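Have a look at the structure below, then the notes.
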Amino acid sequence: MSSTPADINIDISDKCDLKCRLILKYPTEGINISKKSDDDFEGIVSNKLDFGSNGKIKYNNNDKPLESIHIVKPSLHTYANRRIDAELILVHRNVLICIPVISKSYSGILDEILVGVEGGTNPNLKLDNVVPKKPFYAYTGSIGGNTNMNIIVFRKMDALSINEKRLNALKSHDRSQTFEVNENDKI
C-alpha cells in the first residue's frame with residue numbers, strides 16, 4: 001500500500017459532509033489523570049497521560065472508547081510542511097484525535113494538568129474543554145504499524161497552548177515518523 005505524508009495546509013478544500021461526524025461523549029465531570037510516563041505511541045517516544053475513568057466519542061455513528069492520551073514533541077503532523085511544537089493525541093479504538101500544541105509565554109490547560117500530575121494531585125481533565133468545537137480535517141491513514149486509522153486533525157489556529165518551560169520538560173521523539181495518508185484517500 002502506497003501512502004503520502006499528511007500535511008495540514010490551507011490548500012485542503014474538500015468537504016467532509018456526513019462521513020466525518022464526530023460527537024464527544026466524554027464524562028462531564030472529566031477524567032482524573034493519575035500520572036505521566038515516558039512511553040511510546042506506535043513506537044514513537046511520547047509523554048503518556050494515564051487516567052482512571054473512560055470516555056468515548058461517537059464517530060460516523062460508532063462508539064469509540066478512549067484508550068490512551070499522548071503528547072508527542074514535536075508534532076507528528078506537519079502544518080504547511082513544518083512540524084510544530086507538540087501534538088496532543090487522544091487514542092480511541094481505530095480513531096485518533098490530533099490537536100496541535102504551541103508553546104507560549106503563558107500557561108494553558110496542558111500546563112495545569114502536567115503541574116498537577118507532577119505534584120501528585122491527580123488533576124481532572126475535561127476533554128470537552130480540550131477538544132476544539134471547530135472544523136477539523138479527516139482522513140484514513142497510518143502511523144507506525146497501525147494502518148487504516150480514522151485520523152481527525154484540528155487546525156493550527158485552534159491549537160492548545162503550553163508554557164515554554166513545560167514544553168522543554170517533555171521528552172522528544174526522533175522525528176523519524178509522520179502520519180501517512182492512505183493511497184486513494186485525501187484529507
Side-chain angles (χ1 to χ4, degrees), residues 8 22 24-57 64-79 82-134 136 143-146 149 151-179:
I8 307 303
L22 173 65
L24 304 179
K25 297 173 87 177
Y26 297 121
T28 54
E29 69 277 3
I31 59 174
N32 287 328
I33 304 298
S34 57
K35 66 180 179 175
K36 176 179 79 71
S37 60
D38 296 332
D39 206 341
D40 69 18
F41 165 72
E42 296 306 317
I44 301 158
V45 172
S46 80
N47 302 271
K48 182 178 180 184
L49 299 177
D50 291 331
F51 56 94
S53 60
N54 274 334
K56 63 183 173 182
I57 60 168
K64 304 289 183 174
L66 180 64
E67 295 175 345
S68 62
I69 302 172
H70 300 266
I71 304 171
V72 292
K73 172 187 153 186
S75 65
L76 293 172
H77 281 99
T78 57
Y79 295 80
R82 297 183 61 185
R83 291 184 193 252
I84 60 172
D85 296 327
E87 196 165 12
L88 179 69
I89 301 173
L90 304 175
V91 180
H92 295 80
R93 184 174 302 136
N94 199 38
V95 177
L96 305 175
I97 297 178
C98 305
I99 306 167
V101 177
I102 298 175
S103 69
K104 302 281 186 177
S105 58
Y106 54 84
S107 296
I109 193 164
L110 293 179
D111 295 290
E112 294 172 28
I113 298 303
L114 295 172
V115 166
V117 165
E118 291 163 6
T121 62
N122 291 359
N124 189 277
L125 177 60
K126 293 187 178 182
L127 290 172
D128 279 340
N129 296 340
V130 172
V131 178
K133 311 292 187 296
K134 305 279 184 165
F136 57 84
I143 186 76
N146 266 339
M149 299 292 296
I151 302 171
I152 296 168
V153 188
F154 286 89
R155 302 172 299 184
K156 184 178 173 183
M157 66 188 290
D158 299 319
L160 299 172
S161 62
I162 189 170
N163 184 281
E164 293 171 30
K165 177 183 169 190
R166 192 80 41 223
L167 177 71
N168 291 335
L170 296 175
K171 278 203 142 199
S172 297
H173 64 88
D174 66 6
R175 300 174 186 246
S176 65
Q177 296 279 347
T178 61
F179 282 102

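Fair warning: this is a prediction, and the values are worked out from it, not measured in the lab.
Checked by atom type and distance alone, the side chain of Lys48 never pairs as donor or acceptor with a backbone atom of Asp39 at under 3.5 Å. Panel note: side chain Asp158, backbone Phe154; no donor-acceptor pair is recorded below 3.5 Å. Panel note: side chain Ser75, backbone Ile84; a donor-acceptor pair is recorded below 3.5 Å. Checking side-chain atoms of Asn124 against main-chain N and O of Asn32 turns up no donor-acceptor pair under 3.5 Å. No donor-acceptor pair under 3.5 Å is formed between the side chain of Glu87 and the backbone N or O of Cys98. When atom types are taken as modelled, the side chain of Asn47 and the backbone of Ile71 share a donor-acceptor pair closer than 3.5 angstrom. Using a distance-only test at 3.5 Å, with no hydrogens or angles considered, no donor-acceptor pair links the side chain of Lys171 to the main chain of Val45.
Note that the CD1 atom of Ile69 and the CG atom of Asp50 stand 9.0 Å from one another [nearest 0.5 Å].
Ring planes of His70 and Phe41: tilted class, angle from 30 to 60°.
Taking all atoms of both residues into account, the shortest heavy-atom contact from Val95 to Met149 is N-CE, 4.0 Å. Between Phe136 and Ile152, the shortest heavy-atom contact is CD1-CG2, 3.4 Å. Residues Pro123 and Ile113 share a closest heavy-atom pair of CG-O, 3.3 Å. Of all non-hydrogen atoms in Gly30 and Lys126, the two that sit nearest each other are CA-CG, 3.9 Å. Across all non-hydrogen atoms, the minimal contact from Tyr106 to Asp111 is O-OD2, 4.2 Å. Annotation for Arg175 and Pro74: closest pair CZ-CG, 3.6 Å, computed over non-hydrogen atoms.
Using a 4.5 Å heavy-atom threshold, the side chains of Asn163 and Lys104 count as separate. Looking at heavy atoms from C-beta onward, Ile57 lies in side-chain contact with Leu22 at the 4.5 angstrom threshold. You'll find the side chain of Val101 stays beyond 4.5 Å of the side chain of Ser161, heavy atoms only.
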Does the pair His92 and Glu67 meet the rule for a side chain to side chain donor-acceptor pair (under 3.5 Å), with working shown?
-> CA-CA 5 Å; His92 295 80; Glu67 295 175 345; over 6 Å; no
What do the steps show when you test Ser103 against Asp85 for side chain to side chain donor-acceptor pair (under 3.5 Å), and what is the final call?
-> CA-CA 6 Å; Ser103 69; Asp85 296 327; 3.1 Å; yes
Could you give me the CA-CA distance, side-chain angles and deciding distance for Leu66 and Val91, then say whether side-chain contact (heavy atoms from CB on, under 4.5 Å) is met?
-> CA-CA 6 Å; Leu66 180 64; Val91 180; 5.8 Å; no
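Heavy-atom neighbours of Lys133 NZ from other residues, nucleotides or ligands within 6.0 Å: above the threshold of 12. Heavy atoms from other residues, nucleotides or ligands lying under 6.0 Å from NZ of Lys56 number 12 at most.
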